[in-house]
Amino acid sequence: MSHQISVMVHTPAHSGIGGALTYESDVMHAPGTLVRVPLGSRELLGVVWDALAPHAATEQPSLRTADDTSASHNPAAPLQLRAITCVLEGVAPLSAHWRQLVQFAASYYQRSTGEVALAALPSQLRDLSTEQWARRLKRKPKAVAAYEGATQHIPTPTQEQAQALRDIAAHKGPFLLFGNTGSGKTEVYLRAAESVLEGNPQAQILVMVPEINLTPQLEERFRARFCPQWGADCLVAMHSSLTPAQRLKNWLAAHNGEARIVLGTRMAVFASMPHLQLIVVDEEHDPSYKQQEGARYSARDLAVYRGQLEGAQVILGSATPSLESWHHSRPATATEPAGRYLRLAMPSRVGQGALPQVRRVDMNRQPYKTVFSSHLLQAMRERVTRGEQILVLLNRRGYAPVLHCTDCGWKSECPHCSAYRVFHKLDRTLRCHHCGFTQSVPRACPGCGNLDISPLGRGTEQLEEHLAKLLADVRRPDGQALTIARIDADSTRLKGELERQLAQVHAGAVDVLVGTQMIAKGHDFRRVTLVAALNPDGALFSSDFRAPERLFSLLMQAAGRAGRDAAMQTVSPCEMWVQSFHTQHPLFEALKQHDYPAFAEQQLKERAEASLPPFSFQALVRAEARSQEAAQGFLNAAREAGAAWAEELLVDLYPAVPMTIQRVANVERAQMLIECSSRKALQRFLAHWQTELHTVRNAHRQVIRWAVDVDPLAI
Ligand code: ADP
Ligand code: ZN
Ligand code: ZN
């Protein structure tokens, strides 16, 4: 007797096939079973699926056959089902929880379930031929090498750590562990993990980090803590720099339950872990948790969903939480109930120097075009002469330029929004990325008539060279010339280059490190006593309402790099220098006090007044075409098509605007913002609109690509 089986496969995004296809099989395979199936002349990996209401409702697997899509052109044609080729031996079926996670992610982020499911599996499951797979299965597992790393001294928890751990033991969560840099958050993760491992011989733990190559210390700390007791293979890594073979091996170890801890980047949120009991999201505010292509999911948000789905505890940790998480963890007030996360605070630093003193330099009082103010330069010279290290932080990436008059302080504000209009060099216009309001760039400052109006935040390209000249005569204590290094996306493009450069800094070979946000993350540079932020102002007046949040967290993190070694502070206290034209800005006031809550309160007030997230929900549709008209034409037609439904659901559809980086490789890019005060209503709108987008797309052949980004991070 033969069965009809629904199989999820990855079909091209715009093929119109939702993802699940129906096949025939002699045996009834359990949902979650990995199979190979024919599609056209190809053979694909697929996952046996079941109808998991309610998310399955948008796809109707039984209407599609594996032959092609012609069934939809000729509905009368009898369904000719093809047979499953084979089952992938030796892999237990994926759990219902895993399938539900995938299905939720697909529906929430407006992608096909098949795409999300197959992207979440290691490529070798797909790429190995049946023979190769058979050989892979026969391979005997290597005898596990004993863990040879140094065993770790296990510290007694501080009072704050102990309190956080008691709260984690007593409550369900999710938790927001709001702990200062150096407050010992990692120790809390380790102990929370320990008690889970000890409480249940099968329990598994997922630990997520933003970028693994930026935090090699964290993996080592987990290994040192757990490998002596649980074996060298109790922990596996999951991130994009693994080879396909390593990734398969680690994925299988997690899927089989052998690996007790999975440490990985955003992709690890989809790891198959049948006994998952705890999820840690370290540096939960980090933008790299948001996938920027394909299914644009937020691994942090999915982690919270997954925790709830599987009954696993979730700990989000940060010294500068995302404003979303901060808002969700608000305590109850007299009139309002508490948010749905529980906030755990650890304000003190453990056994380390004090946080650096923040010094603000008013650049209005410096000579025109000063890069390093004379006071800062003097402080740097003194410190390197004593053998201390310095970090110079550039903030040149990711912020759209806003026009600015240095005479009267005029900025290219939008008259209709609480946002600044962005300078588009290409056609010399100022455009609001919120409402689309556009004007050509004024010849002179509208405020005072000054002819010299310019984009904020320029002129940092030659910084490393410039600095080398300024410090050419300075010597280290050993009489050697200074070593100045630069770490940014350009200098680390080659594989392994970042690790090499970081190792140099750690070894003390570098005296001055110049870099972008990459150098501010969790490194432990022991000898750093001065951190300087040169040109942070762009983010204060960015068209992207999240820019101040990112700047604050970047500066707090950078400040956290200084003074990690109390012994270094005997000569002079650590300092963080900020050079700005707006030293009185509330962001810098809060920074000076190391006061994240004050900063968050001020930002949330602004967000509430402007109905921005977390007080509203957003999605973007982006489109690319050879011309701006074509890209915008598609978006505006889609807007038209969705207008009635949007009105009913109280969803705002804004007109299409060019993207900040309007043209890339001769392709014009445009975007359109969708906003709604209800997440549910926005989801309902998007689900409905998706079909219309496909239809409109078919009438706009010039569009090369388009995609929906739900909860976008950059507007
Ligand atoms: P965070 O992740 O919050 O920045 P870490 O967990 O890295 O902080 O801790 C900072 C430093 O303090 C580390 O060197 C860590 O070993 C040490 N540390 C953490 N907790 C304790 C403790 N209870 N007693 C002594 N040292 C601790
Ligand atoms: Zn002016
Ligand atoms: Zn506007």
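When a residue number appears, it is its place in the shown sequence, counting from 1. None of these values were measured; they are calculated from a predicted model. Whatever order the structure lists them in is the order used to number ligands and atoms, beginning at 1.
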Which atoms of ligand 1 have any heavy atom of [X] under 4.0 Å away?
| X | result |
| --- | --- |
| P157 | 23 (N) |
| T181 | 4 (O) |
| P155 | 21 (C), 22 (C), 23 (N), 24 (N), 25 (C) |
| T158 | 23 (N) |
| N180 | 3 (O) |
| K185 | 1 (P), 2 (O), 3 (O), 4 (O), 6 (O), 8 (O) |

Heavy-atom proximity to atom 27 (C) of ligand 1, best of V350, L218, L190, I154: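 Shortest heavy-atom distance from atom 27 (C) of ligand 1: V350.
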
Lys/Arg-Asp/Glu bridge criterion (N-O < 4.0 Å) met for R622, D709: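 Result for this pair is yes, salt bridge flagged.
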
Sidechain N-carboxylate O distance under 4.0 Å for E283, K185: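 No salt bridge links E283 with K185.
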
C448 atom SG and C405 atom SG as seen from the Zn ion (ligand 2), angle to 10 degrees: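 Nearest ten degrees: 110°.
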
Using a plain distance cutoff, I'd like to know if [X] has any nitrogen or oxygen under 3.5 Å from a nitrogen or oxygen of ligand 1.
| X | result |
| --- | --- |
| G184 | yes |
| T156 | yes |
| G182 | yes |

Quiz item: cation-pi between R225 and W230, 6.0 Å / 45°: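 Here R225 fails the 6.0 Å and 45° test against W230.
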
Check: [X] side chain, [Y] main-chain N or O, donor-acceptor pair, under 3.5 Å:
| X | Y | result |
| --- | --- | --- |
| H327 | L323 | no |
| R300 | E284 | yes |
| T429 | R431 | no |

Heavy atoms from other residues, nucleotides or ligands near [atom1] of [X] exceed 12 (cutoff 6.0 Å):
| X | atom1 | answer |
| --- | --- | --- |
| E647 | CD | no |
| Q159 | CD | no |
| Q229 | CD | yes |

Would you kindly specify which portion of [X] sits under 4.0 Å from ligand 1, judged on non-hydrogen atoms: side chain, backbone, both or neither?
| X | value |
| --- | --- |
| T186 | both |
| R221 | side chain |
| S183 | both |

Report yes or no: does a heavy atom of [X] sit under 4.0 Å from some atom of ligand 1?
| X | answer |
| --- | --- |
| G179 | no |
| M346 | no |
| V188 | no |

Pair F222 + Y189: ring centers closer than 6.0 Å: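 When the ring centroids of F222 and Y189 are compared, they turn out to be at least 6.0 Å apart.
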
D362/N364 under side-chain hydrogen bond (donor to acceptor under 3.5 Å, both in side chains): CA gap, chis, key distance, verdict: CA-CA 5 Å; D362 185 352; N364 293 301; 2.9 Å; yes

